[in-house]
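Below is one structure, written out as structure tokens; comments come after it.
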There are 2 protein chains.
Amino acid sequence: MAEAGSRTTDTRSRILDAAEVLFMENGFDGTSMRMITSRAEVNLAAVNYHFGTKELLIQEVFRRRLTSLNQARIAALEVLEVEAAGAPIKPSRIVDAFFGTALRMAADVEGGGHTFMRLLGRTYTEPSEFVRQFLAEEYAECVDRFLTALYRAVPEVDRKEILWRFHFMMGAMSYAIAGTDALQLVTGKFDDEDPSQLAPRLMSFLLGGLRAPLAEASLR
Amino acid sequence: MAEAGSRTTDTRSRILDAAEVLFMENGFDGTSMRMITSRAEVNLAAVNYHFGTKELLIQEVFRRRLTSLNQARIAALEVLEVEAAGAPIKPSRIVDAFFGTALRMAADVEGGGHTFMRLLGRTYTEPSEFVRQFLAEEYAECVDRFLTALYRAVPEVDRKEILWRFHFMMGAMSYAIAGTDALQLVTGKFDDEDPSQLAPRLMSFLLGGLRAPLAEASLR
DNA sequence: AATTCATTAAAACGTTTGTTTGAATCATAC
DNA sequence: GTATGATTCAAACAAACGTTTTAATGAATT
């Protein structure tokens, strides 16, 4: 049967969970099949049996969570659009629907959302060709809808400028989640005492950047 | 003789140049010694002869450029401090001394500065244990001086808040440089027609984030 | 011309890599 | 209980990995 759900947990899920953590910690190339199967406590051949190849396993690790994340983002955006009933939506609400949703997922430590968001963040700068294409497809619709919404929300700002700032916001968020270890060392000891403080602080920073006066070069 | 400088270029430098590009494109684990020596057109054993091990080669790739980058940053800061002559320095000037200096290095495409900054950006989220420790040492003094300067420039803002925002700014910049390929795909086609536009746009975004009103959670 | 030392060259070292194979085991259906 | 199909297992595969070794080459010194 395709359907599953044993008590301890499925072999498939155990592999995905183990791979998620190891990919986040060591990258794709730094994580061997044996590390994965050993952590998942399954036989070495199980990965190839259930997923085919390592590449397909990587794709499944992303698809498992990314699809629902982007669905949640779109759902949040649709709530805003219904509420607004044709009236313009505040940019801050749109930004929250996109980035806030991700940050809420990143706050879920026990469920693995935190691990996944860290993995996702580091993957943006580690773009194996096949993973890039996959991410692009997985993101296409969601990003498209949010950009459209932002264009409508801030019609007075050049669309190219909005694209740039969306880009910058993605960077700031990904780093805030994925790069904590690295910058912890760079900036000396950094109190991770209260990770729940990240979201409001980051949202405030993102909105500040979004609302910043335009650069001189972009006014020419 | 230790001194070198043949016409075409040194074996050592050819290895470093090749490694820099390949590490940026494929990561450390995704780049083999054979890929490096093949690209550099040197013998396979040359890397171990000149650098000892792969890890030491990685460190040298960073040290070669990072030391001078951080020296340039400190020099720019010292110019500001002398000019101010004890008076408070505008935060935007400090931010430019740190991030603008890096962006100017990233604008140097032919000299390899662009490649290196992309490598550096992706390394923050790919922190092999030994590379983290190395980066931390290499950055320590510079970051320390800039944080001190920022604390002095904006005494009314909580130091912890400044640390967070410095963190966010690092993220936005690293991504803007390192993550272009990935986000290019995520956000559809992105015009890299004029990479010189990046710097002013990003600086404006960073300053907007730095000046943003404090988050509610950080005011409690 | 002979010697010395740094560098380059080709070949091999033992591990580890992702993947495949064929038999053993399991649960379910007949 | 026997047959069926899915899953697990131990073992092996060729290929690629970082590193080492030993000999050949180069240019400078004596």
Side-chain angles (χ1 to χ4, degrees), chain A residues 1-62 119 123 126 128-131 134, chain B residues 1-62 119 123 126 128-131 134:
Chain A
M1 295 295 139
E3 214 57 41
S6 55
R7 301 132 299 188
T8 45
T9 41
D10 207 46
T11 296
R12 259 185 72 97
S13 305
R14 290 238 299 286
I15 293 173
L16 288 171
D17 290 341
E20 191 173 60
V21 173
L22 291 170
F23 286 154
M24 183 269 280
E25 289 175 348
N26 312 108
F28 305 127
D29 293 316
T31 302
S32 70
M33 299 293 235
R34 286 160 181 83
M35 289 166 72
I36 296 170
T37 54
S38 149
R39 184 187 173 103
E41 294 182 289
V42 301
N43 187 270
L44 170 60
V47 175
N48 295 92
Y49 176 77
H50 284 281
F51 300 95
T53 69
K54 189 181 180 183
E55 282 205 0
L56 289 171
L57 168 65
I58 294 175
Q59 292 199 13
E60 189 53 33
V61 165
F62 281 101
L119 168 61
T123 303
E126 180 185 15
S128 322
E129 197 54 34
F130 84 97
V131 124
F134 171 74
Chain B
M1 293 293 139
E3 215 57 42
S6 55
R7 302 132 296 184
T8 46
T9 42
D10 207 51
T11 296
R12 259 184 72 98
S13 305
R14 290 238 299 287
I15 292 173
L16 288 171
D17 290 341
E20 190 172 60
V21 173
L22 292 170
F23 286 154
M24 183 267 281
E25 289 175 348
N26 312 107
F28 304 127
D29 292 317
T31 302
S32 70
M33 299 293 237
R34 286 163 180 82
M35 289 166 71
I36 297 171
T37 53
S38 150
R39 184 187 172 104
E41 296 181 286
V42 301
N43 187 270
L44 170 60
V47 175
N48 295 92
Y49 175 78
H50 284 282
F51 300 96
T53 68
K54 190 180 180 182
E55 282 205 359
L56 290 172
L57 168 64
I58 294 174
Q59 292 199 14
E60 189 53 34
V61 165
F62 281 100
L119 168 62
T123 304
E126 181 185 15
S128 322
E129 197 54 36
F130 84 97
V131 125
F134 171 72

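Quick note on labels: first sequence line is chain A, next is B, and so on, each numbered from 1. All values derive from a computational prediction rather than experimental measurement. Heavy-atom basis, side chains included; hydrogens, waters and symmetry copies ignored.
Residue B:Thr11 has a polar side-chain atom (N or O) positioned under 4.0 Å from OP1 or OP2 of C:dT8. In terms of phosphate contacts, A:His50 brings no side-chain nitrogen or oxygen within less than 4.0 Å of OP1 or OP2 of D:dA6. For the pair B:Ser32 and D:dC17, the criterion of a side-chain N or O lying under 4.0 Å from OP1 or OP2 is met.
Using a 4.0 Å heavy-atom distance criterion, A:Thr31 is classed as a sugar-phosphate-only contact.
When rounded to the nearest whole Å, the span between CE of A:Met35 and P of C:dG18 equals 10 Å. Rounded to an integer number of Å, the gap from B:Tyr49 OH to D:dG18 C1' is 19 Å. Computed from coordinates, the A:Asn48 CG to D:dA10 P distance equals 16 Å when rounded to whole Å. D:dG26 atom C1' lies 15 Å from atom CG of B:Asp10, rounded to whole Å. One interatomic measurement links the two molecules: CD1 of A:Ile36 to C1' of C:dT16, which rounds to 15 Å at whole-angstrom precision. The nearest whole Å value for the distance from the NZ atom in A:Lys54 to the P atom in C:dT19 is 8 Å. Straight-line distance from the CG atom of B:Leu44 to the C1' atom of D:dG18: 8 Å, rounded to whole Å. Atom P of nucleotide D:dT8 and atom CZ of A:Arg14 are separated by 9 Å, given to the nearest angstrom.
Minimum heavy-atom separation, A:Glu41 to A:Arg14: O-NH2, 3.1 Å. A:Arg12 and A:Asp10 make their closest contact through CB-OD2, 3.1 Å (heavy atoms, listed as atom of the first residue, atom of the second, distance).
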Under 3.5 Å, which donor-acceptor pairs link side chains of residues 15-25 of chain B to any protein atom two or more places apart or in another chain?
residue, atom, partner, partner atom, Å
B:Asp17, OD1, B:Arg64, NH1, 3.0
B:Asp17, OD1, B:Arg64, NH2, 3.1
B:Glu20, OE1, B:Arg65, NH2, 2.9
B:Glu20, OE2, B:Arg65, NE, 2.7

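Distance NZ/A:Lys54 to CG/A:Leu56: 13.0 Å, rounded to 0.5 Å.
Each of A:Arg34 and A:Ala46 lies near DNA chain D, and the nucleotide nearest A:Ala46 is the one positioned closer to the 5' end.
Remark: side-chain polar atoms of A:Ser13 are not paired, donor with acceptor, to backbone N or O of A:Thr9 under 3.5 angstrom.
Closest approach to the A:Asn43 side chain among C:dT19, D:dA10, D:dT21 is made by D:dA10 (side chain taken as heavy atoms from C-beta onward).
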